[in-house]
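A quick write-up on the structure given underneath.
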Number of protein chains: 2
Amino acid sequence: MTKSRNEIPRATVTRLAFYLRELQQMHRAELANVRSQSIAEKLGLKDSQVRKDLSCLGTVGQRGVGYRVDELIQNIQHVLGTDRAWNVILVGVGNLGRALTGYKGFGEQGFRLVGAFDSDPKKIGHKVGGLVIQDLGSLASFASVQAIDLAILAVPATAAQSVLSVIEEANISGVLNFAPVAVRPSQAGRTIVQEVDLAIELQRLAFSVVR
Amino acid sequence: MTKSRNEIPRATVTRLAFYLRELQQMHRAELANVRSQSIAEKLGLKDSQVRKDLSCLGTVGQRGVGYRVDELIQNIQHVLGTDRAWNVILVGVGNLGRALTGYKGFGEQGFRLVGAFDSDPKKIGHKVGGLVIQDLGSLASFASVQAIDLAILAVPATAAQSVLSVIEEANISGVLNFAPVAVRPSQAGRTIVQEVDLAIELQRLAFSVVR
DNA sequence: TAGATTGTTAATCGATTAACAATC
DNA sequence: TAGATTGTTAATCGATTAACAATC
């Protein structure tokens with residue numbers, strides 16, 4: 001079978017999100033049009049790469065002119081699924097979790113932080129970033145009322161796998177895992193986990209510097 | 001020209017850092033040996049992928065037995081360059097920056113946070129994570145005395161590019177950029193920048209969930 | 001030895017790039 | 001029209017995988 005029209009390569013998806021970031025900035029600067037070369041230069045890519053990626057959106061450019069910034073933004077958001085709001089909860093209100101509740105970037109891309117959970121009784125009831133910290137035990141009932149799409153997992157490594165089970169049982173479909181351990185969904189193929197490890201990013205940088 | 005023995009693909013470098021994380025956990029659990037299949041299962045990869053990656057280390061496995069955990073750890077750290085300590089500074093003590101000073105994972109991988117800088121006079125002189133916040137203006141002189149290897153850039157998007165110039169002038173060779181904007185080193189090829197964007201990670205997750 | 005697991009090959013798959021016809 | 005820039009092709013490059021001989 002040949003590749004369907006709207007199957008988008010993972011590498012392209014990542015770049016589309018970076019294009020979006022630049023385009024939103026251009027939009028704020030009131031630029032109406034942009035060429036593939038301008039985007040490419042900002043991100044250190046080839047212009048042909050940018051055009052190839054953008055062609056996945058279902059053709060929006062004008063030959064001789066370029067792309068409309070606002071149209072591109074809408075198209076990318078539609079492909080990424082961020083043309084609607086996503087309800088997100090934070091699980092684990094430690095050092096990092098606390099910072100994430102104040103992170104502006106999530107809201108700007110349509111991710112609404114609507115709940116915060118922890119298992120430490122000393123934290124429960126206190127507020128963080130405008131949210132009352134709730135007990136992990138009430139996650140399932142909360143999720144069934146609130147329609148939660150995603151969870152940010154920011155608990156210690158030792159707790160990550162078992163907390164993931166709780167998240168899975170609450171029927172949350174995606175997890176962004178900041179815990180420095182690989183967690184695996186128990187039921188095959190239900191919850192999607194995306195790993196983020198800040199120390200690993202630093203290691204990748206270190207490697208680049210040494211070479 | 002054929003590929004040199006110690007050129008390691010970027011994709012492999014990233015996975016090696018993940019292997020390292022698992023191996024360190026196994027080491028703490030006092031496991032002496034490990035098979036490629038065990039590592040693969042934990043991370044959702046193929047065993048042949050793991051073996052291929054590990055073969056970049058210059059052969060450490062024993063047929064019929066597996067790999068020695070401690071040997072593997074040392075080899076990966078050597079390749080990544082984290083078999084020595086790295087001096088890191090934080091630039092931008094906002095919400096996220098503050099959390100990063102308390103992030104244990106950096107220290108565990110050999111990254112020492114040795115300085116914190118901000119341009120806000122109200123913050124200067126105060127302490128964060130055991131470090132006195134210094135003025136951005138004193139970054140260059142601090143770096144010349146302290147031998148700084150890397151900088152974590154956690155300033156607002158609007159400031160990122162100009163602060164990068166300050167970092168470059170201080171001869172710091174690598175920057176981990178958390179600012180949600182692409183920054184480009186001014187002098188060609190000197191400072192290496194690695195982008196991390198937490199909102200983009202959430203967008204990638206959203207895409208996976210929708211598909 | 002028999003059983004297990006690596007190291008490596010070759011095939012396949014996916015991603016990047018240069019080039020240029022199409023066309024605004 | 002002339003100039004510019006897209007959209008797309010085909011070539012190249014890089015990464016993944018199955019399979020199995022080598023060997024502990």
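Letters A, B, ... mirror the listed sequences (proteins, then strands); counts begin at 1. For the numbers below, each heavy atom of this structure counts, side chains included, while hydrogens, waters and symmetry mates do not.
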Practice task
Between Val65(A) and Lys52(A), name the one whose nearest nucleotide on DNA chain D is closer to the 5' end.
Solution key: Val65(A)

Exercise for the section: Salt-bridge test for Arg21(B) and Glu195(A): reply yes if a basic N is under 4.0 Å from a carboxylate O, no otherwise. Expected result: yes

Under 4.0 Å between a side-chain N or O of [X] and OP1 or OP2 of [N]?
| X | N | result |
| --- | --- | --- |
| Ser36(B) | dT5(C) | no |
| Arg15(B) | dT16(D) | yes |
| Arg35(A) | dT5(D) | yes |
| Ser55(A) | dG7(D) | no |
| Arg51(B) | dG7(C) | no |
| Gln49(A) | dT17(C) | yes |
| Lys46(B) | dA18(D) | yes |
| Tyr67(A) | dA4(D) | no |

Exercise for the section: Using Watson-Crick or G-U wobble geometry with both distances below 3.5 Å, tell me the partner of dC24(C), or none. Expected result: dG3(D)

Problem - Under 3.5 Å on both distances, the Watson-Crick or G-U partner of dG14(D) - result: dC13(C)

Problem - Gln203(B) side chain vs Leu80(A) backbone, donor-acceptor pair below 3.5 Å - result: no

Handout entry: Proximal nucleotide (of dT8(C), dT16(D), dT8(D)) relative to the Ala11(B) side chain
Key = dT16(D)

Exercise for the section: Would you mind telling me which of dT16(C), dT17(C), dT5(D) lies closest to the side-chain atoms of Arg63(A)? Expected result: dT5(D)

Practice task
Classify the side-chain pair Arg98(B)/Asn95(A) by whether it contains a donor and acceptor separated by less than 3.5 Å.
Solution key: no

Practice task
Just do the side chain to side chain donor-acceptor pair (under 3.5 Å) check on Gln109(B) and Gln24(B) with the steps written out, would you?
Solution key: CA-CA 10 Å; Gln109(B) 298 302 340; Gln24(B) 286 169 330; 2.8 Å; yes

Problem - Length of the CG-P vector between Leu45(A) and dA18(C), whole Å - result: 12 Å

Practice task
Let me know the distance between CD1 of Ile39(A) and P of dT5(D), rounded to the nearest Å.
Solution key: 13 Å

Exercise for the section: Determine the contact category for Val60(B): base if any of its heavy atoms lies under 4.0 Å from a base atom, sugar-phosphate if only primed atoms, P, OP1 or OP2 are that close, otherwise nothing. Expected result: sugar-phosphate

Practice task
Scan Thr12(A) against the nucleic acid and name what it touches under 4.0 Å (heavy atoms): base, sugar-phosphate only, or nothing.
Solution key: nothing

Completion exercise
Between Asn177(B) and Val181(B) the two heavy atoms that sit nearest each other are ND2-O, 3.0 Å

